[in-house]
K.L.:
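Here it is, the structure in full.
Atom set for the values below is all heavy atoms of this structure, side chains included, hydrogens, waters and symmetry mates excluded. One is the number of the first residue; the rest follow in order along the sequence.
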Amino acid sequence: MNGSSHFKGFKDDTWINGIGDLFCRKDGVRWGANLSIYPSKESGTDAISLSNAPILVRKNIINPTRDYYRKGFEKAFTIATTRDWQVDLLGNCPALERRLPKEARQFCFVFQLVDGIKIYLPQFELARALFFHNGYLARSSVIHDLLNNEFAVDYDQENGRAVINVLDTCNCPVELFNDYGHRRVLAWLLMDEDARRAYESIGNNQLNYGYDVGQYRRWAFRFDPPALKNAMLGVRGHFDAESRTLLVYEVTSLKNISTDLPEHIEFFSPKFFTQGNGQGQGSGSGAERPPGHDVDDASEASRENKPVMISGNMTEFEFDRAVQTSKISKKRKPTGRGHKDDDEPGEASSDVSTEEQGPNGDLPSAEWDKLNEQTDDAHLYLNKFDSYFKMLDLLEDKHGCKVVKYPLRKLPAIGKCKKHILETDGNSRCLSVAHVTAGTTGYYLLEVDTSDASKALSTKVILAKAIGGIEPHLFEIEKQLLKASLSWPKEHLDKLVGADNHSWVPHQQSKKAGSLTTEEIEKWANRIRMLTL
């Protein structure tokens, strides 16, 4: 659980010992999950809304008052396929510590590893790790044929491009499309046949195997997993040495997930805004968020605010290859300096709802972000540095320098700062590092993608002998760069290499926005070479 999120109705330090059936009133639309917890809730049923499925992990703690060690036996392994997995009830698992009535009849996938260990993987936990990275995907999964009602895909197979149209009926929070990781997962669910079939099997199974009791519909969660050929799983759970059986509490990572997707996918909605270049950065990040949130999952969320993104321990997620995603809109939203967004309150409430936004909602909306998408995709952004790389080529070809280009680096996520993401398309902001030898002297050149800003950040030049190998220092430089709102951290670099051992070269001015002519690139290379003489 996220220690900064407090759930109303639950006591402090509540242990999740088991996850039981899902349920929904026959005259309602909101699904919940029965829980085996200790201690029990202050009042009402020991249950929680399905919107909070992203944080429903066995042996995790609701409302922790301190940092708890995450208990469990850890194991990493590769699976050939899920197609030969067996299905059994959790109550039959030899590694189950206690036979709790609420969870005993929940379904598990069962398979054996090459080292002889038998894995019992609860189906709900695999679905959580695969699909339930936010509340929207969790609560939408049980609704039959929902994806067809919220998205329409136009695929140009000949050119390897696709447009995913976000329909007016779509209830997915617009903010999720700002994150390239969430876009990539959503594209996978919508366009990869195996992934889509697996996600939609949740709603199909609910429709076919759920049953009505009194005023409620109940269902023991089950689904048909994607093949996951040669995928690598990291898990945490309870290992029974005598039976050599591992009961999985949590899937901590899923890597090398196969994809069948086009190279480039665009998401389109009239609700999206493309940031226009203004006079500097606006302040429109909204109200200052409190350090923690009180989550109420019994109330409808308001439509009056952008959802607050709340997170905790995340699931590491990695595809076998990267596809480029972007969002497009016919609208542009200008940015200015010092303008306050009148739609946002000056001081944000700590009370939030993780439920779907609705007309009767009176609590600020919140959305879970439990995705740690780590697919190696830096190569997708090489074109952002096209003019810069041409300038480096000129340093070699015309000025006799020796140039070594390092792999592109995606700037890290630091605290609440969002500068590591481009405002124009929501993709990663990258840093290029190059080592340039001019004569007998070496220099490091650092270049940042600021294609979404009105003014480019100057190229940083660092004397190589003053720093030695630069790689151990790059993360801290990136961190300080982001903290300084995309300005080179002069004070930090002064201490690191000395004030006289680093400088900068402004970008060459262009007659045409967004591109440089051959003549302009030559002038840029000349200025770099003059600095290194």
K.L.:
Under the 3.5 angstrom rule, does the side chain of Ser140 hit a backbone N or O of Leu137 as a donor-acceptor pair?
P.N.:
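Absent.
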K.L.:
Can we say Arg236 and Glu74 salt-bridge, meaning some charged N sits less than 4.0 Å from an Asp/Glu carboxylate O?
P.N.:
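Salt bridge: no.
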K.L.:
Would you say the side chains of Glu447 and Thr459 form a donor-acceptor pair under 3.5 Å?
P.N.:
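Per modelled atom types, Glu447 and Thr459 side chains form a pair under 3.5 Å.
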K.L.:
May I ask you to decide if Ala162's main-chain N or O and Asp156's side chain share a donor-acceptor pair within less than 3.5 Å?
P.N.:
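No; judged by distance alone, with no hydrogens or angles, the pair does not exist.
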K.L.:
Counting distance only, does the side-chain N/O of Asn256 pair as donor-acceptor with the main-chain N or O of Asn230 below 3.5 Å?
P.N.:
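Side chain of Asn256 to backbone of Asn230, a donor-acceptor pair under 3.5 Å: yes, one is there.
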K.L.:
Say whether, by atom type as modelled, one donor and one acceptor occur between the side chain of Ser269 and the main chain of Lys271 under 3.5 angstrom.
P.N.:
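Flag set: sc Ser269 to bb Lys271 pair under 3.5 Å.
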K.L.:
For the residue pair Tyr199 and Phe131, categorise the inter-ring angle as parallel (less than 30°), tilted (30 to 60°) or perpendicular (more than 60°).
P.N.:
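Rings of Tyr199 and Phe131: perpendicular, over 60°.
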K.L.:
Would Gln324 and Ser326 count as having a side-chain donor-acceptor pair, cut-off 3.5 Å?
P.N.:
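No, no side-chain donor-acceptor pair sits under 3.5 Å.
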K.L.:
Would you call the rings of Trp524 and Tyr388 parallel, tilted or perpendicular, where under 30° means parallel and over 60° means perpendicular?
P.N.:
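Tilted, since the angle between the ring planes falls between 30° and 60°.
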K.L.:
For Asp145, does the CG atom sit with more than 12 other heavy atoms under 6.0 Å from it, leaving out its own atoms?
P.N.:
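Buried by this count: over 12 neighbours within 6.0 Å.
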K.L.:
Would you tell me whether Asp369 and Asn134 have side-chain atoms, one donor and one acceptor, within less than 3.5 Å of each other?
P.N.:
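Asn134 and Asp369 do not have a side-chain donor-acceptor pair below 3.5 Å.
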K.L.:
Hey, mind stepping through Lys460 and Leu445 against side-chain contact (heavy atoms from CB on, under 4.5 Å) and telling me if it holds?
P.N.:
CA-CA 6 Å; Lys460 173 56 63 175; Leu445 269 58; over 6 Å; no
K.L.:
Within this structure, what is the CE-CZ distance for the pair Met391 and Arg527, rounded to the nearest 0.5 Å?
P.N.:
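The CE atom of Met391 sits 9.0 Å away from the CZ atom of Arg527.
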K.L.:
Measure the shortest side-chain to side-chain distance between Leu121 and Val235 over non-hydrogen atoms and say whether it is less than 4.5 angstrom.
P.N.:
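When only atoms from C-beta onward are counted, Val235 and Leu121 do not touch, as no gap falls below 4.5 Å.
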K.L.:
Any Lys/Arg nitrogen of Arg196 or Glu193 sitting under 4.0 Å from an Asp/Glu carboxylate oxygen of the other?
P.N.:
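Result for this pair is no, no salt bridge flagged.
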K.L.:
In Å, rounded to the nearest 0.5 Å, how long is the span from CD1 of Ile528 to CG of Leu392?
P.N.:
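Output value for this atom pair is 8.0 Å.
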K.L.:
Assess the pair His133 and Phe317: is the distance between their ring centroids shorter than 6.0 Å?
P.N.:
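Judged by ring-centre distance (under 6.0 Å), His133 and Phe317 do meet the cut-off.
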K.L.:
Are the side chains of Asp449 and Phe385 in touch, meaning some heavy atoms are under 4.5 Å apart?
P.N.:
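The answer is yes, as the side chains (C-beta and beyond) meet within the 4.5 Å cut-off.
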K.L.:
How close do Cys401 and Val436 get, heavy atom to heavy atom, and via which atoms?
P.N.:
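Reported closest heavy-atom pair: CB-CG1, 4.0 Å.
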K.L.:
Could you give the distance from CG (Asn427) to CD1 (Ile421), rounded to the nearest 0.5 Å?
P.N.:
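Rounded to the nearest 0.5 Å, the CG-CD1 separation comes to 7.5 Å.
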K.L.:
State the CD-NZ distance between Glu522 and Lys390, to the nearest 0.5 angstrom.
P.N.:
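So the gap between those two atoms works out to 12.0 Å.
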K.L.:
Provide the closest heavy-atom pair for Gly469 versus Tyr444 in the form atom of the first, atom of the second, distance.
P.N.:
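For Gly469 versus Tyr444, the nearest heavy atoms are CA-OH, 3.8 Å.
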K.L.:
Working to the nearest 0.5 Å, report the span between CG of Leu146 and CG of Asn171.
P.N.:
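It comes to 7.5 Å.
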K.L.:
Identify the two heavy atoms, one from Leu457 and one from Leu486, that lie closest to each other, and give their separation to 0.1 Å.
P.N.:
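For Leu457 and Leu486, the tightest heavy-atom pair comes out as CD1-O, 3.4 Å.
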K.L.:
Heavy atoms only: give me the nearest Ser51-Thr354 pair and the separation to one decimal.
P.N.:
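The pair with the smallest heavy-atom distance is CB-O, 3.4 Å.
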K.L.:
Quick test of your reading of the model: are Lys402 and Asp397 salt-bridged, counting only N-O distances below 4.0 Å?
P.N.:
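Result for this pair is no, no salt bridge flagged.
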K.L.:
Please round to the nearest 0.5 Å and tell me the distance separating atom OG1 of Thr441 and atom CG of Leu463.
P.N.:
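If we round to the nearest 0.5 Å, Thr441:OG1 and Leu463:CG are 7.0 Å apart.
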K.L.:
Donor-acceptor check, side chain of Ser353 to backbone of Ser365, threshold 3.5 angstrom: yes or no?
P.N.:
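Judged by distance alone, no pair lies under 3.5 Å.
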K.L.:
Does the Arg184 side chain pair with the main chain of Val323, one donor and one acceptor, at a distance under 3.5 Å?
P.N.:
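Looks like yes, one N/O pair under 3.5 Å.
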K.L.:
Out of the candidates Phe109, Phe124, Phe132, only one should pair with Phe223 under the ring-ring contact (aromatic ring centres under 6.0 Å, His included) rule; please name it.
P.N.:
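For Phe223, the ring-ring contact (aromatic ring centres under 6.0 Å, His included) test succeeds with only one of Phe109, Phe124, Phe132, which is Phe109.
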K.L.:
Do side-chain atoms of Thr315 reach the backbone of Ser253 as a donor and acceptor pair under 3.5 angstrom?
P.N.:
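Flag not set: sc Thr315 to bb Ser253 has no pair under 3.5 Å.
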K.L.:
I'd like to know if the side chain of Arg321 reaches the main chain of Glu263, judged simply by a donor and an acceptor atom lying under 3.5 Å from each other, with no hydrogens or angles considered.
P.N.:
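Not confirmed, Arg321 side chain does not pair with Glu263 backbone.
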K.L.:
Apply side-chain contact (heavy atoms from CB on, under 4.5 Å) to residues Leu167 and Glu150 and explain how you reach the verdict.
P.N.:
CA-CA 5 Å; Leu167 304 180; Glu150 302 213 335; 5.6 Å; no
K.L.:
Main chain of Glu356, side chain of Tyr136: is a donor-acceptor contact present, judged purely on distance under 3.5 Å?
P.N.:
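Side chain of Tyr136 to backbone of Glu356: no pair is present.
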K.L.:
Strictly below 4.0 Å, N to O, side chains only: are Asp194 and Arg197 in salt-bridge contact?
P.N.:
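Between Arg197 and Asp194 there is a salt bridge, with a charged N closer than 4.0 Å to a carboxylate O.
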K.L.:
Less than 4.5 Å apart, side chain to side chain, heavy atoms only: is that true for Val251 and Val248?
P.N.:
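Result yes, sub-4.5 Å side-chain heavy-atom pair found.
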K.L.:
Side chains of Leu446 and Ile470: does their closest heavy-atom pair fall under 4.5 Å?
P.N.:
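Leu446 reaches Ile470 side chain to side chain.
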K.L.:
Quick one, Ile257 and Leu228 - any side-chain contact, counting heavy atoms below 4.5 Å?
P.N.:
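Yes, their side chains come closer than 4.5 Å.
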K.L.:
Answer whether the closest heavy-atom distance between the side chains of Lys255 and Leu233 falls below 4.5 Å.
P.N.:
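No, side chains not in contact.
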K.L.:
Quick one, Arg128 with Val57, criterion side-chain contact (heavy atoms from CB on, under 4.5 Å). Give me CA distance, side-chain angles, the key distance, then yes/no.
P.N.:
CA-CA 9 Å; Arg128 186 199 67 83; Val57 175; 3.6 Å; yes
K.L.:
Would you sort out whether Ile164 and Ile265 count as a side-chain contact (heavy atoms from CB on, under 4.5 Å), showing the intermediate values?
P.N.:
CA-CA 7 Å; Ile164 296 175; Ile265 301 170; 3.6 Å; yes
K.L.:
So among Lys483, Lys410, Arg429, Arg409, which one has a salt bridge (charged side-chain N to carboxylate O under 4.0 Å, His left out) with Glu478?
P.N.:
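That would be Arg409; it is the only one of Lys483, Lys410, Arg429, Arg409 passing the salt bridge (charged side-chain N to carboxylate O under 4.0 Å, His left out) with Glu478.
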K.L.:
Report yes or no: is the cationic atom of Lys327 (NZ for Lys, CZ for Arg) closer than 6.0 Å to the six-membered ring centre of Phe272, at no more than 45° off its axis?
P.N.:
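Geometry flag: set, cation within 6.0 Å and 45°.
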K.L.:
So which atom in Tyr155 and which in Pro262 form the shortest heavy-atom distance, rounded to 0.1 Å?
P.N.:
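Minimum heavy-atom contact is CE1-CB, 3.6 Å.
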K.L.:
For the backbone of Gly135 and the side chain of Glu367, can you confirm whether one donor and one acceptor N or O come within less than 3.5 Å of each other?
P.N.:
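Answer holds: yes.
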K.L.:
Are Arg183 and Asn178 close enough that a side-chain donor and a side-chain acceptor fall under 3.5 Å?
P.N.:
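No.
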K.L.:
Please find the pair of heavy atoms, one from Ile79 and one from Trp85, that lie closest to each other, and give the distance.
P.N.:
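Residues Ile79 and Trp85, closest heavy atoms: CD1-CZ2, 3.6 Å.
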K.L.:
Do NZ/NE/NH1/NH2 and the carboxylate oxygens of Lys229 and Asp320 come within less than 4.0 Å?
P.N.:
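Asp320 and Lys229: not salt-bridged.
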